[in-house]
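Quick notes on the structure that follows.
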Amino acid sequence: MAKIIFTTVENDRIELEATSGTVMSLAVDNFVEGIEGSCKGVCSCATCHVYVKPEQMEWLGQPSDIEQDMLELKEHATEYSRLCCQIEINDGLDGLELSVAEHD
Ligand code: FES
């Protein structure tokens with residue numbers, strides 16, 4: 001079981017728990033404001049853009065080339081950006097804190 005903590009653009013803090021699936025699905029299923037998942041997780045919409053806490057970046061490994069390419073199109077992307085449809089939940093992510101990105 002991993003607890004994933006989201007902070008929305010409005011600064012609401014939402015703590016959710018899951019054992020599997022993607023972070024995007026967890027957010028969409030629980031109506032986290034600002035995570036839309038329009039492409040259903042095939043890495044083509046970037047409506048699941050989040051910022052990872054700097055000290056937790058290494059928990060996630062490197063983004064794929066496709067994810068990186070999508071992020072480069074985002075005006076608000078930073079070095080801490082990820083597309084959360086590409087993050088598979090596992091116990092090692094317990095305590096992951098993500099800030100929902102503003103939409104471009
Ligand atoms: S849900 Fe479309 S890129 Fe993540």
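These numbers were taken from a predicted model, which means no experiment stands behind them. Computed over heavy atoms, backbone and side chain alike; hydrogens, waters and symmetry mates excluded. Every number for a ligand or one of its atoms is a count from 1 in the order of the listing. If you read the sequence from its start, that first residue is 1, and numbering goes on from there.
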Taking only heavy atoms of [X], which atoms of ligand 1 are found under 4.0 Å from at least one of them?
| X | value |
| --- | --- |
| Ala46 | 2 (Fe), 3 (S) |
| Cys85 | 1 (S), 3 (S), 4 (Fe) |
| Cys43 | 3 (S) |
| Gly41 | 1 (S) |
| Gly37 | 1 (S) |
| Ser44 | 3 (S) |
| Cys39 | 1 (S), 2 (Fe), 3 (S) |

Any Pro63 side-chain heavy atom under 4.5 Å of Gln86 side chain: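 No, too far: nothing below the 4.5 Å cut-off.
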Leu93 to Ala2 - nearest heavy-atom pair and separation: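 For Leu93 and Ala2, the tightest heavy-atom pair comes out as C-CB, 4.0 Å.
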Shortest non-hydrogen contact between Tyr80 and Met57, atoms and distance: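 Minimum heavy-atom contact is CD2-CG, 3.6 Å.
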Ignoring hydrogens and geometry, is there a side-chain-to-backbone donor-acceptor pair from [X] to [Y] under 3.5 Å?
| X | Y | value |
| --- | --- | --- |
| Glu36 | Cys48 | no |
| Thr8 | Asp12 | yes |
| Ser38 | Thr47 | no |

N, O or S atom of Cys84 closer to atom 4 (Fe) of ligand 1 than 2.8 Å: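 So Cys84 does not bind atom 4 (Fe) of ligand 1 by this criterion.
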Backbone or side-chain N/O/S of Cys45 under 2.8 Å of atom 2 (Fe) of ligand 1: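 Yes, within the cut-off.
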Between Ser81 and His49: side-chain donor-acceptor atoms closer than 3.5 Å: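 Result is yes, a qualifying pair exists.
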